[in-house]
Amino acid sequence: MKIKSLLATALMLASVSMANAQGYVPGFGGKLNSVKADFNCGWFISEFVDRNGDSHRGLFGDGMSLMYEHVFNKGYGFGINGIFEKKTEEVYTGMIGPSFVYFGSSDKWIYGYSIGLGYGRFDVDSERFGHEDRNGVGYFVQANIERRLTQWLGIGAGVRVLNITAPKSEDNSYYKTHSHGTSSLRFTIGPRFYF
C-alpha cells in the first residue's frame, strides 16, 4: 500500500512539473522584462599618452550602468543601455544605445549576453593627459550571470568590454598620431528587477 501511495505521489508530482515546464518562458526566470542597475570597476585597456609622450595602459576606474532588457519566448530580445565609466577625475566615458540580448534560465540561475551599439562620448580632463572631449560611436559586449532571490528580485554579475571611437582632433594635440578612442574591461555587479 505504501509503495502504491509513493508511486501515485511521484506520478502526480512529475505531471505537475511537466505541466509547469510546458508553460515555461526562457529569459528572466519566466519573466520577460528586467531592469539592471550595476556598479562597475576595472581597467581602461586602451593606451593613454601623457604630455611627455609616455604611454599608459591599465588605468583603473569605476562607474555605473542602467539597463532595461526585454526577451521574447525564445530568450532573444533587445535592451536600452546607459553606461558611465571614469578614472578618478581624469577620464570619463559613456554610452547610450540599444542592444541585442539573449538570456536563458535554469532553476533560479539566469545567464546570457548582450551586444550594444550607440552614441558614445569620452572626456579627458587632466594635467597629465591634456584636455579633450569627443562624441562618437560606442559599442560593447557583455556576459552576465544572475541569481533570482524572489520572483521579482535578483542579483547579478558580469564582465563587459566597452569601446568608444571618435574622429581625431583637428588641433595639434598628440591625438593626431594615435588612434582616437578608449577601450575598457569592466566587472559589473548589482540588483536585478524582473517583471
Side-chain angles (χ1 to χ4, degrees), residues 25-46 48 59-105 109-125 132-167 179-195:
V25 179
F28 306 115
K31 301 298 181 186
L32 296 178
N33 300 286
S34 175
V35 172
K36 306 175 181 187
D38 277 332
F39 168 78
N40 68 65
C41 64
W43 300 269
F44 285 101
I45 54 179
S46 53
F48 288 87
L59 301 176
F60 187 82
D62 58 14
M64 299 292 292
S65 59
L66 184 64
M67 301 179 174
Y68 162 77
E69 293 170 332
H70 174 84
V71 293
F72 299 100
N73 288 345
K74 299 290 186 182
Y76 296 97
F78 66 90
I80 304 294
N81 311 277
I83 301 170
F84 170 74
E85 300 176 346
K86 68 182 179 70
K87 190 271 179 203
T88 61
E89 302 300 322
E90 298 179 299
V91 180
Y92 303 88
T93 62
M95 186 206 129
I96 297 174
S99 61
F100 166 81
V101 303
Y102 171 78
F103 281 91
S105 58
W109 291 97
I110 301 167
Y111 52 88
Y113 64 87
S114 54
I115 301 168
L117 176 71
Y119 166 79
R121 178 176 175 83
F122 69 87
D123 187 355
V124 180
D125 187 10
E132 187 80 11
D133 59 275
R134 289 283 154 196
N135 301 321
V137 176
Y139 48 99
F140 74 90
V141 60
Q142 180 165 333
N144 293 287
I145 188 164
E146 304 172 13
R147 169 80 174 174
R148 280 190 303 125
L149 304 175
T150 70
Q151 185 179 11
W152 310 101
L153 179 67
I155 187 164
V159 61
R160 177 178 64 231
V161 175
L162 170 66
N163 293 299
I164 310 288
T165 60
S179 60
H180 209 51
T182 64
S183 295
S184 62
L185 172 65
R186 298 293 174 111
F187 298 97
T188 66
I189 189 167
R192 307 291 188 253
F193 304 96
Y194 309 116
F195 58 97

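The residues of the chain are indexed from 1 along the displayed sequence. Side-chain atoms are counted along with the backbone in the values below, which use heavy atoms only and exclude waters and symmetry mates.
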Before you tell me yes or no, could you show the steps for R186 and D38 under salt bridge (Lys or Arg N to Asp or Glu O under 4.0 Å), namely the whole-Å CA-CA distance, both residues' side-chain angles and the distance that decides it to 0.1 Å?
CA-CA 11 Å; R186 298 293 174 111; D38 277 332; over 6 Å; no

Less than 3.5 Å apart, any donor N or O on the side chain of Y113 or N144 sitting next to an acceptor on the other?
no

Begin from the C-alpha positions of N135 and Y119 and carry the test side chain to side chain donor-acceptor pair (under 3.5 Å) through to its verdict.
CA-CA 7 Å; N135 301 321; Y119 166 79; 2.7 Å; yes

What distance separates N81 CG from I96 CD1, expressed to the nearest 0.5 Å?
10.0 Å

K87 NZ to Y92 OH distance, which is reported to the nearest 0.5 Å:
10.5 Å

Judged by atom type as modelled, is there a donor-acceptor pair below 3.5 Å linking the side chain of S114 to the main-chain atoms of V101?
no

Is it true that atom CD1 of I80 has more than 12 heavy atoms of other residues, nucleotides or ligands lying nearer than 6.0 Å?
yes

Output, in order, the C-alpha distance, side-chain angles, deciding distance and verdict of salt bridge (Lys or Arg N to Asp or Glu O under 4.0 Å) for R148 and E146.
CA-CA 7 Å; R148 280 190 303 125; E146 304 172 13; over 6 Å; no

Show your working on salt bridge (Lys or Arg N to Asp or Glu O under 4.0 Å) between R192 and E69 and close with a plain yes or no.
CA-CA 11 Å; R192 307 291 188 253; E69 293 170 332; over 6 Å; no

Check: F60 ring centre within less than 6.0 Å of W43 ring centre
yes

dist N40:CG -> E85:CD (nearest 0.5 Å) comes out at 5.0 Å

Run the ring-centre check on F28 versus F103 and record whether the distance is less than 6.0 Å.
yes

